[in-house]
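Written below as structure tokens is the structure these notes are about.
We name chains A, B, ... by the order of the sequence lines, and we start the count at 1 in each one.
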Amino acid sequence: PEPAFDGAIAAYLLNPGRTVYRIEDLAREFGLPEVPEGETPGAVAGRAGALLALRPALESALREAGLWSLFAEIEMPLVGILARMEATGIAVQREALEEMGRELEERILAVQQEIFQRVGYTFNLNSPKQLADVLFGKMGLPVIKRTKTGPSTDAEVLEELALQEPLVERILDYRTLVKLKGTYVDGLAPLIEADGRIHTTFNQTVAATGRLSSADPNLQNIPIRIEEGRRIRKVFIPGEPGWVLFAADYSQIELRVVAHFSGDEALLDAFRQDQDIHTRTAAEVFGVPMEEVTPEMRRRAKAVNFGLIYGQSDYGLARALGIGRGEAKEFIQRYFDRYPGVKAYMEQKVQEAREKGYVTTLLGRRRFLPEIHARTFAVRQNAERAAINTPIQGTAADLMKKAMVAICRRLDASGLRARLLLQVHDELVFEAPPEELPALYELVVGEMERALTLRVPLKVEAKVGRNWYEMEPYTP
DNA sequence: GCGATCACGTA
DNA sequence: GTACGTGATCGCT
């Protein structure tokens, strides 16, 4: 049975930047009588009473803010959907996970040995401080950048140092292996429950942009980019014999949202023609036909497109591409020359945040940005980037949530046995009997593509596999 | 045991 | 440059 009202979710929509949802605090905020704190029967009863009184106050506030339909038609129905996803969980091959652990352990010991041998003594390789002493003290390597407490030893720094000291490459290997074993093998193993499945918690009131988050464990950050880590996905399997995993993900959802909001002709055109967006951007920015775009040009254009979503600065783009600020500034300049609608859109969002104090998504979700008026430049700039990014990231979240509600409603009515397991921001993961795939595809891809009508088509790509590693493109 | 810090995984 | 969560270390209580 679906809950009718959740005070925390109401409070989240009214201000998604809040971090606590204590009834005592909400009561004060909405002008109710003071509620006693503590765990005495009186305090507990007081909170129950206050929550009852809060309901009409929160409901009126939602209506006044134009958030009622988002609350009633998307967020509340989603509560039950997420609860079911959590209860269902995802099956994990314990044996395979443990085998990966043993293999990683072996490799870690070997790499560690090699490093200690070269350094001449042992130390705690997991301590950035001790590592810094070795690299910048004993070995006399140059400090590339600093954290607030000392020299930085992050991957970016180590990659640069590796050019002059091969040992550093081994330290990078060590970091990768330890991360995989610690977070994804030793971290996940104890969370496999008696049913052979891992049950995450989807948090619906944490992310200020409207996204979900996943914790205990976080199943939204399972490695995929690097092959080494990607292998972790092999242990995530369908929970019924003969079943498969089915995934559907939005293609370039955030840039499509930018195209919709900005109305920029070139961007709209690119998506209407279903072009490779990074290649098209490279062609525009470098002034060549799409056929003549080189991999390097595309790589740079891709960074510009990402930067765009994040509210790019010349400084940030320069860092991402490892180029000078002047050159980065030129790229951005050229981008805005070719995509003037995007430039105008970004300026408009910052202005809106200044005037109204908040920005909104397509479905009216709002995020307050009080720091848009900060006296400190860096703090203010951060708020300006959030003003640009939130409507984009948040609208993508709106779309996905709306699709999830529609999909689950239809799935329930369909008699299909397929189950929704995970949401990873722009992707949904199901387990299903293979014979249901054609119907599941139509249902899921159809609802995702038609969740909202934008000025550009929404594109969804489907994949199927015997585990979360072996996912191959699927069309019925 | 707790919190800050650093580092690093995802979209 | 956006948004998250987790693990190890380290200094503190």
Please work out if [X] contacts a base, only the sugar-phosphate, or nothing of the nucleic acid, heavy-atom cut-off 4.0 Å.
X      : answer
A:T183 : sugar-phosphate
A:F306 : nothing
A:N203 : nothing
A:N382 : sugar-phosphate
A:V178 : nothing
A:A303 : base
A:R230 : nothing
A:G307 : base

Gap between atoms [atom1] and [atom2], on [X] and [N] respectively (whole Å):
X      : N     : atom1 : atom2 : result
A:K349 : C:dT2 : NZ    : C1'   : 16 Å
A:Y174 : C:dG7 : OH    : C1'   : 12 Å
A:D133 : C:dT9 : CG    : P     : 15 Å
A:L255 : C:dG1 : CG    : C1'   : 14 Å
A:D186 : C:dA8 : CG    : P     : 8 Å
A:L308 : C:dA3 : CG    : P     : 15 Å
A:I388 : C:dA3 : CD1   : C1'   : 15 Å
A:I198 : C:dT6 : CD1   : P     : 12 Å

Quick one: is [X] getting a side-chain N or O under 4.0 Å of the [N] phosphate, OP1 or OP2?
X      : N      : value
A:S214 : C:dG5  : no
A:Q130 : C:dC10 : yes
A:S213 : C:dG5  : yes

_Check: A:R455 main-chain N/O paired with A:H260 side-chain donor or acceptor under 3.5 Å_ = yes
_Would A:K463 pass as a cation-pi partner of A:Y474, given that its NZ or CZ must be under 6.0 Å from the six-membered ring centre and within 45 degrees of the axis?_
no
Distance, nearest 0.5 Å, that separates [atom1] of [X] from [atom2] of [Y]:
X      : Y      : atom1 : atom2 : answer
A:K329 : A:R334 : NZ    : CZ    : 15.0 Å
A:R419 : A:I90  : CZ    : CD1   : 11.5 Å
A:Y250 : A:R256 : OH    : CZ    : 11.0 Å

_Salt bridge A:E75-A:K402, side-chain N to carboxylate O under 4.0 Å_ = no
*Is a salt bridge present between A:E384 and A:R354, judged by a nitrogen-to-oxygen distance below 4.0 Å?*
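Salt bridge: yes.
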*Give the B/S/- string for nucleotides 5-11 of chain B, one per nucleotide from 5' to 3', where a protein heavy atom under 4.0 Å of the base yields B, of only the sugar-phosphate yields S, and otherwise -.*
SSSBBBB
*Can the ring centres of A:F123 and A:F116 be said to be less than 6.0 Å apart?*
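Yes - the distance between ring centres of A:F123 and A:F116 falls below the 6.0 Å cut-off.
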*asked:* Is it the case that the side chains of A:R175 and A:T153 hold a donor-acceptor pair, with the cut-off being a distance below 3.5 Å and no angle test?
replied: yes
*Close residues, residues 316-337 of chain A, relative to DNA chain C [heavy-atom separation under 4.0 Å]*: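 Residues of residues 316-337 of chain A under 4.0 Å from DNA chain C: A:G316, A:L317, A:R319, A:A320.
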*Which nucleotide in the list C:dC10, C:dG5, C:dT9 gets nearest to the side chain of A:N126?*
C:dT9
*Evaluate whether atom CD of A:E105 has more than 12 neighbouring non-hydrogen atoms of other residues, nucleotides or ligands under 6.0 angstrom away.*
yes
